[in-house]
Amino acid sequence: MTEKLHTPVIAWFDAHARDLPWRRPEAGPWGVMVSEFMLQQTPVSRVLPVYEEWLARWPRPADLAKEAPGEAVRAWGRLGYPRRALRLHGAAVAITERHGGDVPTDHAQLLALPGIGEYTAAAVASFAYGQRHAVLDTNVRRVFARAVTGVQYPPNATTAAERRLARELLPADEKTAARWAAASMELGALVCTAKNEGCARCPIAAQCAWRLAGKPEHEGPPRRGQTYAGTDRQVRGKLLAVLREAHAPVPQAVLDRVWHEPVQRARALDGLVTDGLVEPLAGGLYRLPLS
DNA sequence: GAGTCGTGGTT
DNA sequence: TAACCAAGACT
């Protein structure tokens with residue numbers, strides 16, 4: 001059963017994989033790790049220019065570790081979820097202190113780094129070091145949901161059943177497993193997308209349980225929509241945008257202009273300080289964190 | 001386990 | 001146009 005998936009998907013990957021900079025040999029484990037942080041909830045097209053900038057500026061973990069965390073936040077630009085920049089900086093510090101400046105090869109040691117969870121630990125171990133891990137991201141989950149389980153979409157949160165399935169489908173051979181991880185993810189990213197699934201281009205359309213069932217529509221509760229306008233997140237984004245552009249401490253009065261409602265504005269700024277994304281100074285001044 | 005956390009392109 | 005979506009992590 002499983003070989004009927006592995007072989008065509010990997011062959012398709014060999015023919016259609018995108019030439020992404022973090023897939024080139026010269027990227028190395030650090031390049032893979034940086035890309036994985038940036039790609040969390042963020043499209044490839046927006047990551048590409050920032051990735052190139054980061055790797056040119058900080059080619060090794062120790063280079064980033066020497067910087068102020070605020071510089072990482074500034075260089076993050078408008079990628080979104082700027083706590084990732086802080087965590088990546090923290091991971092670089094930990095790698096420099098605990099692992100001699102080299103991205104660890106061990107899954108448990110990767111998982112212990114800030115900003116690295118179940119997915120990213122498996123992804124770095126697999127993509128950078130060729131190890132055998134179930135790499136279960138939103139693309140792979142969708143491919144499995146359709147091809148194997150026969151439903152349009154996976155559950156909102158990753159389930160034990162999905163993890164078990166991913167382990168069962170993992171090729172025994174280490175190199176093949178790593179190839180399969182990248183290939184199944186790419187298939188979900190390019191062909192078996194959330195909307196407009198491209199069955200005509202799919203290498204496993206003939207075996208796809210969902211297609212064979214007549215592509216039944218998703219049942220159950222609507223898949224959570226995330227509103228943004230008017231939320232604290234939007235206010236945080238506006239505040240941080242001002243601080244990213246500034247190269248000197250910013251007075252409170254300048255920050256006050258980004259949002260009219262004072263209670264929400266104060267709550268958002270306080271949250272940024274709590275998260276370590278903003279450093280308050282004496283005299284009502286604010287800046288990106290120096291330490 | 002449900003909420004929170006950015007941003008911009010696509011439909 | 002409002003909603004959906006994009007290689008999740010953390011509390």
Side-chain angles (χ1 to χ4, degrees), chain A residues 13 17-18 20-23 27 31-51 73 76-88 90-91 110-128 133-144 152-160 162 166 181-190 192-197 218 221-244 258 264 267-268 270-272 274-278:
Chain A
F13 184 65
R18 291 168 291 181
L20 300 171
W22 44 87
R23 286 178 177 164
V32 171
M33 182 171 149
V34 170
S35 77
E36 290 302 336
F37 270 76
M38 292 182 172
L39 287 163
Q40 292 167 4
Q41 303 284 285
T42 308
V44 167
S45 60
R46 299 227 322 272
V47 166
L48 284 170
V50 184
Y51 172 86
V73 174
W76 198 252
R78 305 188 68 78
L79 276 186
Y81 293 140
R83 289 186 295 189
R84 292 182 293 167
L86 225 43
R87 290 170 182 155
L88 181 48
L110 287 166
L111 198 55
L113 296 173
I116 295 193
E118 176 183 354
Y119 161 76
T120 303
V124 172
S126 180
F127 301 155
H133 293 283
V135 181
L136 204 51
D137 81 319
T138 185
N139 291 306
V140 175
R141 294 180 61 220
R142 186 173 52 251
V143 169
F144 289 177
Q152 188 176 20
Y153 297 117
N156 275 332
T158 306
T159 63
E162 288 181 275
S184 55
M185 190 177 310
E186 189 80 336
L187 185 63
L190 296 184
C192 195
T193 55
K195 299 176 176 178
N196 305 328
E197 68 282 354
H218 175 75
R223 316 171 57 239
R224 77 167 192 291
Q226 45 181 3
T227 54
Y228 180 66
T231 61
D232 285 7
R233 293 159 77 174
Q234 184 181 21
V235 184
R236 287 167 58 108
K238 287 178 176 295
L239 290 169
L240 207 56
V242 171
L243 293 168
R244 274 199 311 264
V258 308
Q264 187 178 27
R267 185 172 64 232
D270 186 65
L272 289 170
T274 298
D275 289 346
L277 285 163
V278 171

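Numbered from 1 within each chain, the chains take letters A, B, ... in sequence-line order.
Per the geometry, CZ belonging to A/Phe37 stands 19 Å off C1' belonging to B/dT7, to the nearest Å. In this structure, the CG atom of A/Leu48 is 19 Å from the P atom of B/dT7, given to the nearest Å. Rounded to whole Å, the distance from CG on A/Asp275 to P on C/dA9 is 17 Å. The distance between atom CD of A/Gln264 and atom P of B/dT4, rounded to the nearest whole Å, is 12 Å. Rounded to an integer number of Å, the gap from A/Tyr81 OH to B/dG8 P is 13 Å. With rounding to whole Å, A/Gln40 atom CD is found 15 Å from C/dA6 atom P. Here C/dG8 presents its P atom at 9 Å from CD of A/Glu36, a figure rounded to the nearest Å. Atom CZ of A/Arg46 and atom P of B/dT10 are 11 Å apart (whole Å).
Residue-to-nucleotide proximity on DNA chain B shows that, of A/Thr231 and A/Arg78, the 5′-proximal contact is made by A/Thr231. Nearest-nucleotide positions on DNA chain C place A/Asp137 closer to the 5' end than the other of A/Ile116 and A/Asp137.
The side chain of A/Glu186 lies closest to C/dA7 when the candidates are C/dC10, B/dC5, C/dA7. Taking only side-chain atoms of A/Lys195, from C-beta outward, the nucleotide of C/dC5, C/dA7, B/dC5 with the closest atom is C/dC5. Candidate nucleotides B/dG6, B/dT11, C/dA7 were compared by shortest atom distance to the side chain of A/Arg23, and C/dA7 ranks first. For A/Asn196, the listed nucleotide lying nearest its side chain is B/dT11; candidates were B/dG6, B/dT11, B/dC5.
The gap from the C1' atom of C/dA7 to that of B/dA2 amounts to 23 Å, rounded to the nearest Å. Across B/dG6 and C/dT11, the matching P atoms stand 14 Å from one another, rounded to whole Å. Straight-line distance between the P atoms of C/dA6 and B/dG1: roughly 22 Å, to the nearest whole Å. Between B/dC5 and C/dA2, the distance separating the two P atoms is 22 Å to the nearest Å.
Checked by atom type and distance alone, the side chain of A/Arg141 pairs as donor or acceptor with a backbone atom of A/Pro155 at under 3.5 Å. A/Gln41 contributes no side-chain N or O that, together with a main-chain N or O of A/Gly80, makes up a donor-acceptor pair within less than 3.5 Å. Looking only at distances, a side-chain donor or acceptor of A/Thr231 sits under 3.5 Å from a matching main-chain atom of A/Tyr228. With hydrogens and angles disregarded, a donor-acceptor distance shorter than 3.5 Å links the side chain of A/Arg46 to the backbone of A/Leu79. Under a 3.5 Å cut-off, the side chain of A/Asp137 and the backbone N or O of A/Asn139 do form a donor-acceptor pair. Counting only distance, with no hydrogens or angles, the side chain of A/Arg236 and the backbone of A/Ala268 share no donor-acceptor pair below 3.5 Å.
The residue A/Trp22 sits close to a base: some heavy atom pair falls under 4.0 Å. Nucleic acid contact for A/Gln234: none, since no nucleic acid atom lies under 4.0 Å from a heavy atom of the residue. Within 4.0 Å (heavy atoms only), A/Leu20 reaches at least one base atom of the nucleic acid. Counting any heavy atom pair closer than 4.0 Å across all strands shown, A/Gly80 reaches a base atom.
For A/Thr138 against C/dG8, a side-chain-to-base donor-acceptor contact under 3.5 Å is absent. Counting distance only, with no hydrogens placed and no angle test, the side-chain atoms of A/Arg233 and the base atoms of B/dT7 include no donor-acceptor pair under 3.5 Å.
Remark: A/Thr120 pairs with A/Glu36, A/Gln40, A/Ile116, A/Val124 by the side chain to side chain contact (heavy atoms under 4.5 Å, CB included) rule, at least two apart or across chains.
Contact annotation: A/Thr120 reaches the phosphate of C/dA9 (side-chain N/O to OP1 or OP2, under 4.0 Å). Proximity of A/Arg83 to the phosphate of C/dC10: no side-chain N or O atom is located under 4.0 Å from OP1 or OP2. At B/dG6, none of the side-chain N or O atoms of A/Tyr228 fall inside 4.0 Å of OP1 or OP2 (strictly under the cut-off). For the pair A/Arg142 and C/dA6, the criterion of a side-chain N or O lying under 4.0 Å from OP1 or OP2 is met.
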